[in-house]
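Reviewing the structure listed below.
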Amino acid sequence: MTGKETKKKANETPLLRVENLTQVFKSGKKKQVTAVDNVSFEVKKGEAFGLVGESGSGKTTTGRSIIGLYKLTNGKVFFKDELIRSALNTDKKARKKKEKVRFFREIQMIFQDPVTSLNPRMTVREIIAEGMRIGGEKDRKIVDEKVNETLRLVGLLPEHSGRYPHEFSGGQRQRIGIARALVMQPEMIIADEPVSALDVSVQAQVINLLNDLKQRLGLTILFIAHDLAVVKYFCDRIAVMRKGKIVEIAPADELFSTPLHPYTKSLLSAIPYPDPRLERAKRRTVYEFKDELENERELKEIVGGRFVRCTETEKEEYEKQLEKSKSV
């Protein structure tokens, strides 16, 4: 294999690969709830991959399962083509101390609520430096320098390091949460609805900050959200979830211009127009779910990079829709 072929193969290898991820929770003595059902997708290095869906669709549970906050019921998670999570405990070698520290550093998470995700009894310095301390860094001077550098990176001042979370606004608290993730110099960040708890005026600032950090630091971002307008602006590719299953995966522009799955069409039709006259005249698409064929449906590739959960018959119909849209 030549050098060019090796480089091409490395670029094609996804940074994150999720295979058949399933997450089941117990509810009561006997009842079980399937929050995520056999989900598979890939995230390429340097891209922003969006995971969208209504509340309760399983998108947050997917993110938490990937980073290890939940023990997998079934499935595997690969990072840089190495197994890092498994329900079968086949990743014992990857769970040696050095490997655990490595993946702990390389994948970080930004949580939805900046109020509950920050310890109110810890100063900003302690919150941001906690990951470094767990990772084994004991030199106070190095820690302070890194904390101050990261605070500047997210638009805060080094003087803020001695304050407590309650002394900041919602947007500033979320910047602290972002700084806590960035201080570990990760390759990938899982952003779990990072702007949904913020005022609308502040949301754009945080999204622009994340976009700037993505470009400047070469980050790969798994962006979990229910706001489709934000996802369209920020993400390169989007996966749509419903009731724990992925129903469609497509590049952002293609998903919005030619949605295929009926549920995706229903979600997009619910996006409000800023013009009240257009909003009143708009017709919303109602998704009517028919489960008699659900056992036959799988996530199938319609064309390169476009996947839809469907039967073989439905796949043929979607292929015709795409052909028709190209000819228009």
Side-chain angles (χ1 to χ4, degrees), residues 16-43 49-79 82-92 94-95 100 103-104 107-113 116-117 188 190-194 196-197 222-227 231 238-249 261-264 266-267 270 286-300 307-312 314:
L16 177 77
R17 188 169 83 253
V18 178
E19 292 184 358
N20 306 316
L21 192 153
T22 299
Q23 195 61 259
V24 179
F25 297 107
K26 291 183 178 180
S27 177
K29 293 183 178 179
K30 297 183 179 180
K31 189 177 178 182
Q32 292 185 328
V33 177
T34 303
V36 181
D37 189 1
N38 202 32
V39 163
S40 300
F41 61 89
E42 296 178 349
V43 182
F49 184 88
L51 201 57
V52 303
E54 63 193 8
S55 296
S57 61
K59 53 190 186 296
T60 292
T61 302
T62 300
R64 287 172 172 258
S65 300
I66 289 170
I67 205 168
L69 293 179
Y70 297 143
K71 184 179 179 181
L72 301 186
T73 303
N74 193 27
K76 297 177 181 179
V77 179
F78 295 84
F79 186 74
E82 294 185 49
L83 184 65
I84 62 169
R85 306 268 180 264
S86 173
L88 303 176
N89 295 322
T90 56
D91 56 342
K92 290 181 180 179
R95 290 185 178 276
K100 289 175 72 175
F103 291 118
F104 161 71
I107 307 177
Q108 290 291 306
M109 191 164 188
I110 300 169
F111 295 93
Q112 178 178 354
D113 189 352
T116 57
S117 64
M188 181 173 186
I190 300 175
D192 180 18
E193 303 206 38
S196 63
L222 175 59
F223 191 84
I224 301 168
H226 64 266
D227 190 331
V231 173
I238 299 171
V240 180
M241 287 191 71
R242 180 185 181 274
K243 290 190 174 182
K245 301 177 186 289
I246 290 180
V247 298
E248 186 165 359
I249 302 176
H261 196 278
Y263 179 68
T264 307
S266 177
L267 280 182
V286 178
Y287 175 52
E288 297 180 359
F289 176 67
K290 299 177 181 179
D291 61 354
E292 61 268 15
L293 297 175
E294 187 57 22
N295 291 333
E296 300 178 28
R297 290 191 175 97
E298 296 177 355
L299 199 64
K300 302 178 185 294
F307 296 84
V308 181
R309 184 175 175 79
C310 58
T311 63
E312 281 297 328
E314 291 169 340

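Sequence positions, counted from 1, serve as the residue numbers for this chain.
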Pairing residues for [X] by the side-chain hydrogen bond (donor to acceptor under 3.5 Å, both in side chains) criterion, not counting sequence neighbours:
{"X": "Thr73", "result": "Gln23"}
{"X": "Thr62", "result": "none"}
{"X": "Ser57", "result": "none"}
{"X": "Arg64", "result": "none"}

Work out which heavy atom in [X] is nearest to a heavy atom in [Y]; give both atom names and the distance.
{"X": "Ile249", "Y": "Ala239", "answer": "CG1-CB, 3.8 Å"}
{"X": "Val231", "Y": "Ala225", "answer": "CG2-CB, 3.7 Å"}
{"X": "Ser117", "Y": "Asp113", "answer": "OG-O, 2.8 Å"}
{"X": "Ser27", "Y": "Val33", "answer": "CB-CG2, 3.9 Å"}

Reported [atom1]-to-[atom2] distance for the pair [X] and [Y], which is rounded to 0.5 angstrom:
{"X": "His226", "Y": "Ser55", "atom1": "NE2", "atom2": "OG", "value": "6.5 Å"}
{"X": "Met241", "Y": "Lys59", "atom1": "CE", "atom2": "NZ", "value": "8.5 Å"}
{"X": "Met109", "Y": "Ile107", "atom1": "CE", "atom2": "CD1", "value": "11.5 Å"}
{"X": "Asp192", "Y": "Ile67", "atom1": "CG", "atom2": "CD1", "value": "10.0 Å"}
{"X": "Leu21", "Y": "Asn74", "atom1": "CG", "atom2": "CG", "value": "8.5 Å"}

According to ring-ring contact (aromatic ring centres under 6.0 Å, His included), who are the partners of Phe78, at least two apart in sequence or on a separate chain?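 So Phe78 forms no ring-ring contact (aromatic ring centres under 6.0 Å, His included) with any residue.
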Taking the basic N atoms (NZ, or NE/NH1/NH2) and the acidic carboxylate oxygens, is any pair closer than 4.0 Å for Lys300 and Glu312? yes
For the pair Val247 and Val308, evaluate side-chain contact (heavy atoms from CB on, under 4.5 Å) and give the outcome as yes or no after the intermediate values. CA-CA 6 Å; Val247 298; Val308 181; over 6 Å; no
Does the side chain of [Y] come within less than 4.5 Å of [X]'s, by heavy atoms?
{"X": "Phe79", "Y": "Met188", "answer": "yes"}
{"X": "Pro194", "Y": "Phe111", "answer": "no"}
{"X": "Ile246", "Y": "Val240", "answer": "no"}

[X] side-chain N/O to [Y] backbone N/O, donor-acceptor pair under 3.5 Å:
{"X": "Thr61", "Y": "Ala35", "value": "no"}
{"X": "Glu248", "Y": "His261", "value": "yes"}
{"X": "Glu314", "Y": "Thr311", "value": "yes"}
{"X": "Ser40", "Y": "Asn20", "value": "yes"}

Take Val18 and Ile66 through the test side-chain contact (heavy atoms from CB on, under 4.5 Å) and record every step on the way to the result. CA-CA 8 Å; Val18 178; Ile66 289 170; 3.8 Å; yes
Check the pair Thr22, Val24 against side-chain contact (heavy atoms from CB on, under 4.5 Å), reporting the backbone distance first and the verdict last. CA-CA 7 Å; Thr22 299; Val24 179; 4.0 Å; yes
For Glu54, all residues meeting salt bridge (Lys or Arg N to Asp or Glu O under 4.0 Å), sequence neighbours excluded: none
Please name the residue in the list Lys243, Arg309, Lys245, Arg242 that meets the salt bridge (charged side-chain N to carboxylate O under 4.0 Å, His left out) test with Asp37.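 Filter result, single survivor: Lys245.
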Just checking, is any N or O donor in the side chain of Gln112 or Ser196 under 3.5 Å from an acceptor N or O on the other one? yes
Would Ile190 and Ile224 satisfy side-chain contact (heavy atoms from CB on, under 4.5 Å), going step by step from the backbone distance to the final call? CA-CA 8 Å; Ile190 300 175; Ile224 301 168; 4.0 Å; yes
Run the ring-centre check on Phe41 versus Phe49 and record whether the distance is less than 6.0 Å.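 Aromatic pair counts; centres sit under 6.0 Å.
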